[in-house]
Amino acid sequence: MPSNDARILAQAAVPTAVVGAIAAVVSGVVAGGKGAIGAVVATLVVFVFMGLGLYVLQRTARSLPQLFQGVGLLLYTVQLLLLVVFVAVFRDSTLFNPRAFAIVLVVTTLAWITAQTRAHMKAKILYVEPDVSSKGGKPEKTGHSS
């Protein structure tokens, strides 16, 4: 994973983990042990969905840069729809508190998206790859000189 990708992943994952930990404590206090379990499961779901999404987005940016924006919009739409489906499937779960799960899922998703947006805005990523030849590290001259 290139350093920019790893940096963006870390800058999105760390704040989300902090928000998830705080939410787990709050859910544990408010809804008991099942609330804390629901918060932890929700945080893990967000990590999996958003982490895979970031991977797909970075891979698309490298291989098909002309499709980057469209894939990004489609990816975020699919992620949010899958999260809604995940909440609907587990709304009657007895393993954890579904209300705490749903609330923490939304909060940690917003934390991830906010942190990832901030990381992308602060990253100094070249949008044009410089073409450096093996001749002393200087760009190769093309065209004709007059």
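Worth saying up front: this structure is predicted, and the values here are computed from it rather than measured. Computation of the quantities below employed the complete heavy-atom set of this structure, encompassing side-chain atoms and omitting hydrogens, waters and symmetry-equivalent molecules.
Ile8 contributes atom CD1, which lies 13.0 Å from atom NZ of Lys122 (distance to the nearest 0.5 angstrom). Between the CG atom in Leu54 and the CH2 atom in Trp112 there is a gap of 6.0 Å [rounded to 0.5 Å]. The CD1 atom of Ile37 sits 9.5 Å away from the OG atom of Ser93 when rounded to the nearest 0.5 Å. The CZ atom of Phe86 lies 13.5 Å from the CD atom of Gln79; values are rounded to the nearest 0.5 Å. The OG1 atom of Thr108 lies 11.5 Å from the CD1 atom of Ile103; values are rounded to the nearest 0.5 Å.
Scanning both residues, Ser27 and Gly35, for their nearest heavy atoms gives CB-O, 3.3 Å. A pairwise comparison of heavy atoms in Ala24 and Ala39 identifies CA-CB, 3.5 Å as the closest pair.
Two different hydrophobic clusters hold Val19 and Val26 under the rule that ILVMFWY side chains link at heavy-atom gaps under 4.5 Å. Both Leu9 and Phe47 are members of a single hydrophobic cluster when ILVMFWY side chains are connected at heavy-atom separations under 4.5 Å. Val46 and Leu82 end up in the same hydrophobic cluster when Ile, Leu, Val, Met, Phe, Trp and Tyr side chains are linked at under 4.5 Å. Hydrophobic clustering (ILVMFWY, side-chain heavy atoms < 4.5 Å, transitive): Val87 and Val89 are in one cluster. Residues Val48 and Ile113 fall within the same hydrophobic cluster, defined by Ile, Leu, Val, Met, Phe, Trp and Tyr side chains chained together at heavy-atom separations under 4.5 Å.
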Walk me through whether Leu57 and Tyr76 qualify under side chain to side chain contact (heavy atoms under 4.5 Å, CB included).
CA-CA 10 Å; Leu57 204 58; Tyr76 285 127; 4.0 Å; yes
Going through the checks in order, is the side chain to side chain contact (heavy atoms under 4.5 Å, CB included) test met by Leu44 and Val40?
CA-CA 6 Å; Leu44 292 175; Val40 169; 4.2 Å; yes
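Ring-plane geometry between Phe96 and Phe90 is classed as tilted, the angle between the planes lying from 30 to 60 degrees on a 0 to 90 degree scale.
Formation of a donor-acceptor pair under 3.5 Å by the Lys34 side chain with backbone atoms of Leu95 is not found in this model.
Evaluation of the side chain to side chain contact (heavy atoms under 4.5 Å, CB included) rule for Leu83 yields Val45, Phe49, Met50, Leu80, Leu105, Thr109 as partners, not counting sequence neighbours.
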